[in-house]
Structure formats: C-alpha cells, structure tokens
There are 2 protein chains.
Amino acid sequence: MNSDEFKQIIKEDTELINRKLKDSIDSLECPEILKESMEYSIMAPGKRIRPIIVIQTAKSLGKNIDKVLPLALAIEYIHSYSLIHDDLPAMDDDKLRRGRETSHIVFGEDMAILTGDSLLNTAVEIGIEGIPDKDPWDYISALGYLFKAAGINGMIGGQVRDIKEDHYAQKLSDIEKTEDLKTGALLKASLVCGSVPFIGFNEEVQTLLQYGNYIGKLFQITDDILDRTQSSEILGKDSGSDERNGKSTIVSILGLEQAKQRAQVYSRMAKDELSKLSGDFSFFYELTDFITNRDC
Amino acid sequence: MNSDEFKQIIKEDTELINRKLKDSIDSLECPEILKESMEYSIMAPGKRIRPIIVIQTAKSLGKNIDKVLPLALAIEYIHSYSLIHDDLPAMDDDKLRRGRETSHIVFGEDMAILTGDSLLNTAVEIGIEGIPDKDPWDYISALGYLFKAAGINGMIGGQVRDIKEDHYAQKLSDIEKTEDLKTGALLKASLVCGSVPFIGFNEEVQTLLQYGNYIGKLFQITDDILDRTQSSEILGKDSGSDERNGKSTIVSILGLEQAKQRAQVYSRMAKDELSKLSGDFSFFYELTDFITNRDC
C-alpha cells in the first residue's frame with residue numbers, strides 16, 4: 001500500500017464513520033438541547049483514529065465490517081465523552097477542542113457534564129444493540145474488553161493518575177504507565193473490537209495487542225512533541241498546556257530530540273509485531289508511519 | 001405479609017446488597033484514591049430501593065436471584081453515579097447526601113466527575129460480565145432496557161429537562177414528565193431486571209411496568225413532600241432546596257394537602273396493578289405503603 005492509497009482509505013473510512021455517527025445521532029429521542037450538544041461534540045472534525053482501526057482490523061482479517069460497526073461507533077462515543085469531561089473547568093479547563101469551543105463554553109458546565117454522561121451511556125446502548133443473534137459470545141468478549149479499557153483500570157484510571165500525580169518529580173516509567181492507560185487502552189480496545197468478534201482471543205490478537213501497545217506509546221509521544229512544537233490553531237486544541245502547567249511529559253524529561261528518536265524506536269517495534277501477523281496488515285504499516293510523522 | 005415481615009426482608013436484602021457491593025468494590029483494580037472515592041459513595045447508607053426491587057421481583061416470581069444480582073448491583077452503581085454528578089457545583093451544588101458530605105466536598109470536583117464516570121462504567125462491566133452462558137437473550141434484553149432507562153430518554157433526559165425547564169411557569173404535566181424520566185425510569189428498569197431475564201417481555205411485565213409507573217410518581221411526590229416538611233438531618237441530604245431555588249414541584253402547585261391525597265390515589269392505582277399479577281407479590285403491597293408513608 002502506498003501513501004496515496006492509505007490516504008484514500010482514511011478519507012473513505014472517515015466519511016463512512018461520520019455518516020454512521022450522524023445517523024445514530026439523528027435516531028436519538030431526547031430533549032432537543034441534549035441532542036444538539038451531543039451532536040456538537042461527536043460530529044466535530046476528529047481524526048476518527050479509533051473507529052478506523054476497528055474497521056481496518058476487520059478488513060485486514062478479510063472480514064465483513066458490519067458486525068463490528070456498532071463497536072466502532074461506541075468507541076468514538078466513549079472517546080468523545082472523555083474529551084468533554086477532560087476539558088471541564090474542574091479538570092484541564094480547556095477552551096478549544098477539535099477546532100471548536102469546548103462543550104462547557106458553548107452549552108454551560110452542567111450541560112457538558114450531562115452530555116458526557118449521555119455519550120458514554122449511548123455507547124453502552126449501541127454496543128448492546130449490536131450483539132449479533134448468531135454466535136454472540138466473541139462479540140460480547142470484545143464489548144466487555146472495550147468497557148474494561150474505558151474504565152477504572154484503563155482510560156479513567158489513567159486520567160485519575162494524571163490529575164493526582166506529582167508532575168514535578170516524576171519518573172519516565174510512571175508517565176508511560178499513565179499514558180498507557182489514558183491513551184493506549186482504548187487504542188488496544190480498537191484492535192480487539194476489530195478482531196475478537198471474528199476470531200476470539202487467539203494468538204493473532206495477542207500480537208495485535210503488542211502492536212497496540214507500541215502505537216499507543218507512539219501516539220502519546222508524538223502528542224507530547226506536537227503540544228510543544230505546534231500552535232493551537234493547527235492542533236485544533238489548546239497547545240503548550242503541558243509546559244504552562246509545569247507538567248512532566250516524555251518530552252520535558254528526554255528533550256525534543258531524544259523523544260523523536262524514541263518515537264522512531266516504537267515505530268520499528270510496532271512494525272515488527274505486524275510482520276508476525278498472517279492477514280494483510282499493510283494498512284497498519286502506513287498507519288504507523290502516519291502516527292510517527294503526523295503534524296496535528 | 002405483615003409490616004414486621006416486610007421490615008425483616010428489607011433488612012436482609014439491604015445486608016445482602018451491601019455485602020455484594022463491598023465485594024465488588026474490593027475486587028476492583030485501579031488507583032487507590034479512585035477506589036476510595038467509589039467506595040465512599042456506593043457504600044454510603046442508601047435505601048437500596050432499586051436493587052431490593054430487582055431481588056424481590058425475582059422472588060415474587062419464584063426464581064433464583066443469582067441470575068439477576070449483577071443487574072441489581074449495576075442499578076445501584078448507576079443510581080450512585082447519578083447522585084454524585086447531580087450534586088456537583090455546576091449542577092445542584094449540594095453539600096450533603098446520604099448523611100455524608102458529597103463526593104466533590106471530600107475528594108474535589110475533578111475526582112467527583114471521574115468517580116461518577118467510574119461508577120457508570122463499572123455498572124456496564126458488571127452488567128456485561130453477568131450475561132449468563134445459558135439462555136442469554138432475555139438477560140441481554142433487560143440489560144439493554146436498563147441502559148435505555150439510564151440514558152438520554154430516561155434518567156439523563158429527565159435531568160436535562162430539570163435543569164433547562166422554566167421552573168416558575170410550569171404545568172403539572174411537564175413536571176410529572178420530567179419526574180417520570182428522572183426517577184420513574186430506573187424504578188421501572190428495576191422491575192424489568194427482576195423479571196425479564198426469567199420470563200422475557202411478557203404481559204406480566206407490562207403490568208409490572210404500569211405498577212412501576214405509579215410507584216415512580218408516588219416516590220417523587222413523597223420526595224417533594226419530605227423536601228418541604230423534613231429537616232436535612234433526617235433526610236441525610238439538603239432539604240428545602242426546591243423551595244429555596246424557587247423550583248416548581250407537585251407540592252408547590254397543588255399544596256401539601258392535595259399532594260398527599262394524590263399520593264394516596266397513586267398508591268391505590270399501584271396496588272390495582274399488583275392485583276392483576278399471578279405471582280406472590282405481597283412484598284410489593286407493603287412496599288407501596290412503605291413509600292406512601294415514608295418519613296425519610
């Protein structure tokens with residue numbers, strides 16, 4: 001797969017996901033203002049990296065994606081709720097997200113809390129409704145894995161570590177553990193949701209999880225680099241906030257150059273894992289490069 | 001069933017639920033401070049009315065409660081998360097709940113937001129783990145119903161209506177609709193969770209839902225009466241807040257005496273529904289009286 005083919009797939013998948021997300025929002029019955037605030041956040045121009053991973057994992061295994069589309073949507077709902085709650089004044093107090101004013105700026109803090117709750121709860125509903133009539137168990141395993149990854153020993157646990165850590169006196173290993181939970185857990189869940197419903201938790205999935213481990217670290221390290229080097233305008237969210245908050249990151253500890261080198265190492269290790277897989281995972285080699293070299 | 005037998009059942013069920021909730025908290029793996037804050041809220045001395053309804057519905061149908069215990073726990077987790085988020089400064093800004101300082105007072109606003117998220121997410125995990133190997137579908141239906149009831153066209157939707165309504169110029173029917181969503185939906189879900197996993201969505205369940213409808217209204221009207229007539233000390237939460245906030249309630253519109261009469265009407269209508277059921281629902285006659293006459 002060359003870079004143009006990769007970009008074409010990203011474009012097509014993004015359009016598909018945006019269409020499916022819009023359909024799911026349109027079908028909701030609830031107070032109009034809540035629908036509006038949910039749509040505002042979920043339809044903001046995001047990278048859709050998690051649902052794309054679900055879809056492309058299924059395709060790499062030669063499977064029909066219909067079975068896992070509900071999981072792909074549920075993951076994006078979960079990601080979106082987590083952004084709204086993270087941005088709240090009592091949390092990171094961010095004003096900009098995905099190029100738009102954050103939910104609490106537009107709808108007020110009370111509505112932002114409830115909109116986050118709504119997106120998480122709707123993710124559950126979509127996930128449960130998607131349980132297939134035939135052979136439901138592998139899908140249910142993936143669904144269970146997804147909510148563990150989103151939960152207290154996954155994404156939320158990482159968030160708690162993040163706000164409770166002593167950011168001034170931190171070891172690299174502690175930071176990496178926090179980031180593994182905050183970012184890595186849901187990326188790994190995306191790989192699980194695209195594979196396990198078809199093949200169960202087999203050895204191939206274990207290798208995918210190793211791959212997920214490395215791209216999680218890669219994603220976070222490039223995030224830290226971009227936070228230091230790019231403007232808020234380009235990122236579509238508040239940049240430089242780690243430095244302003246005196247927060248230790250991989251970049252603040254290693255320095256920019258060494259952090260970039262470390263990203264290259266993770267990139268190689270990620271690709272090593274891909275080479276062990278039997279399906280056609282060419283998309284994921286390109287994805288690894290894409291994450292390594294991304295500029296927003 | 002006489003009143004003493006009823007009290008004995010409430011006592012035993014409450015102990016069982018508290019034990020199971022404590023076990024579930026003890027088994028969690030996550031940052032210690034998060035476990036502490038989750039335990040603080042979920043183990044606060046609540047009435048456990050929702051999980052008791054799950055258990056007693058199953059028993060009234062002559063069924064083994066083991067199958068529905070996960071749903072009973074999930075409901076209490078959902079109820080507990082909703083209390084934490086409702087109490088936040090940006091929402092009702094309450095300081096007292098179940099006789100304790102509210103979560104954000106003790107743990108800070110950021111942790112209270114994440115603790116609420118954690119309890120909701122853990123409810124999902126418990127619900128999914130509880131899917132029985134044999135005949136999973138009726139359980140899955142109940143699980144789906146539960147999260148619909150907790151969601152945007154249920155509990156959260158009611159909460160949004162509540163914060164967005166014009167409380168000064170409101171019709172009784174609007175208030176009742178809001179309360180049906182905020183309180184009634186989860187009570188009805190408790191009846192569904194105690195029955196549907198055994199018997200599916202049959203006619204008996206439709207009658208139970210009608211019963212749930214009336215005790216939801218009954219529960220809310222007695223809540224409004226208590227908010228007006230009891231002290232914060234007895235209620236274990238801030239009382240008189242409706243009146244202070246100039247909020248229209250059934251009591252403020254009808255007056256105290258007419259509200260009490262209305263409660264009696266709902267109580268009779270609830271019992272009428274029970275009389276249509278074939279199982280031994282004697283517990284629920286007592287429960288109806290208990291809600292009607294409660295003083296906290």
Side-chain angles (χ1 to χ4, degrees), chain A residues 28-35 37-38 78 81-82 85-86 88-92 104 108-125 127-129 131 133 136-137 140-141 143-148 150-161 163-165 181, chain B residues 28-35 37-38 78 81-82 85-86 88-92 104 108-125 127-129 131 133 136-137 140-141 143-148 150-161 163-165 181:
Chain A
L28 298 178
E29 277 178 58
C30 65
E32 206 47 49
I33 182 72
L34 181 57
K35 198 164 177 164
S37 69
M38 289 173 78
I78 291 170
Y81 114 76
S82 75
H85 281 189
D86 284 3
L88 284 169
M91 305 276 286
D92 291 350
H104 63 271
E109 212 177 318
D110 49 0
M111 276 304 293
I113 293 165
L114 291 170
T115 303
D117 295 345
S118 298
L119 292 170
L120 172 54
N121 197 91
T122 305
V124 186
E125 294 174 58
I128 292 172
E129 271 165 29
I131 298 176
D133 292 340
W137 290 107
I140 290 171
S141 295
L143 186 66
Y145 185 98
L146 170 57
F147 281 97
K148 285 217 173 303
I152 61 173
N153 202 22
M155 188 183 72
I156 300 175
Q159 187 64 21
V160 169
R161 282 178 62 103
I163 63 174
K164 286 296 169 193
E165 274 164 349
L181 294 172
Chain B
L28 299 177
E29 276 178 58
C30 66
E32 205 46 49
I33 181 71
L34 182 56
K35 198 164 178 165
S37 68
M38 290 172 79
I78 292 170
Y81 116 76
S82 76
H85 281 189
D86 284 4
L88 284 167
M91 305 277 286
D92 291 351
H104 63 272
E109 212 177 319
D110 49 1
M111 276 303 293
I113 294 166
L114 291 170
T115 303
D117 294 346
S118 297
L119 291 171
L120 171 54
N121 196 92
T122 305
V124 185
E125 294 174 57
I128 292 173
E129 272 164 31
I131 297 176
D133 293 340
W137 291 107
I140 290 171
S141 295
L143 186 66
Y145 185 98
L146 169 57
F147 281 97
K148 285 217 172 304
I152 61 175
N153 202 23
M155 187 183 72
I156 301 175
Q159 188 63 19
V160 169
R161 282 178 62 104
I163 64 174
K164 287 296 171 193
E165 273 165 348
L181 293 172

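Chain A is the first sequence line, chain B the second, and so forth, proteins listed ahead of strands; every chain is numbered from 1.
Considering CG of A/Asp110 and CD1 of B/Ile163, their distance stands at 3.5 Å, rounded to 0.5 Å. The distance from atom SG of A/Cys30 to atom CZ of B/Arg161, rounded to the nearest 0.5 Å, is 11.5 Å. In this structure, OG1 on A/Thr122 lies 10.5 Å from CG on B/Asn153, to the nearest 0.5 angstrom.
Neither the backbone nor the side chain of B/Ile78 comes within contact range of chain A; no heavy atom of the residue lies under 4.5 Å from a heavy atom of that chain. For A/Asp86, no part lies under 4.5 angstrom from a heavy atom of chain B. Only the side chain of B/Pro136 comes within contact range of chain A, with heavy atoms under 4.5 Å apart. For B/Val160, the parts lying under 4.5 angstrom from a heavy atom of chain A are both the backbone and the side chain.
Between chain A and the residues B/Met38, B/Glu109, B/His85, the most heavy-atom pairs under 4.5 angstrom are made by B/His85. When the candidates B/Asp133, B/Ile33, B/Leu146, B/Thr115 are compared by the number of heavy-atom contacts under 4.5 Å with chain A, B/Asp133 comes out ahead. Counting heavy-atom pairs closer than 4.5 Å to chain B, the top residue among A/Glu129, A/Met91, A/Lys35 is A/Met91. The candidate from B/Leu88, B/Ile128, B/Leu28 with the greatest count of non-hydrogen atom pairs under 4.5 Å with chain A is B/Ile128.
When all heavy atoms are compared, the tightest approach of B/Gly157 to A/Pro31 is O-CG, 3.6 Å. The minimum heavy-atom distance linking A/Glu125 with B/Gly151 is given by the pair OE2-CA, 4.1 Å.
Between A/Lys148 and B/Glu29 there is no salt bridge, since no side-chain N of the basic residue sits under 4.0 Å from a carboxylate O of the acidic one.
Residues A/Val124 and B/Leu120 form no side-chain contact, since every pair of their non-hydrogen atoms from C-beta on lies 4.5 Å or further apart. The side-chain heavy atoms of A/Ile140 and B/Ile140, taken from C-beta on, include a pair separated by under 4.5 Å.
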message: side chain to side chain contact (heavy atoms under 4.5 Å, CB included), that's the test. Do A/Leu34 and B/Lys164 meet it? Break it down for me.
response: CA-CA 10 Å; A/Leu34 181 57; B/Lys164 287 296 171 193; over 6 Å; no

- prompt: Yes or no on side chain to side chain contact (heavy atoms under 4.5 Å, CB included) for B/Asn121 and A/Ile152, after CA distance, side-chain angles and deciding distance?
  reply: CA-CA 8 Å; B/Asn121 196 92; A/Ile152 61 173; 6.0 Å; no

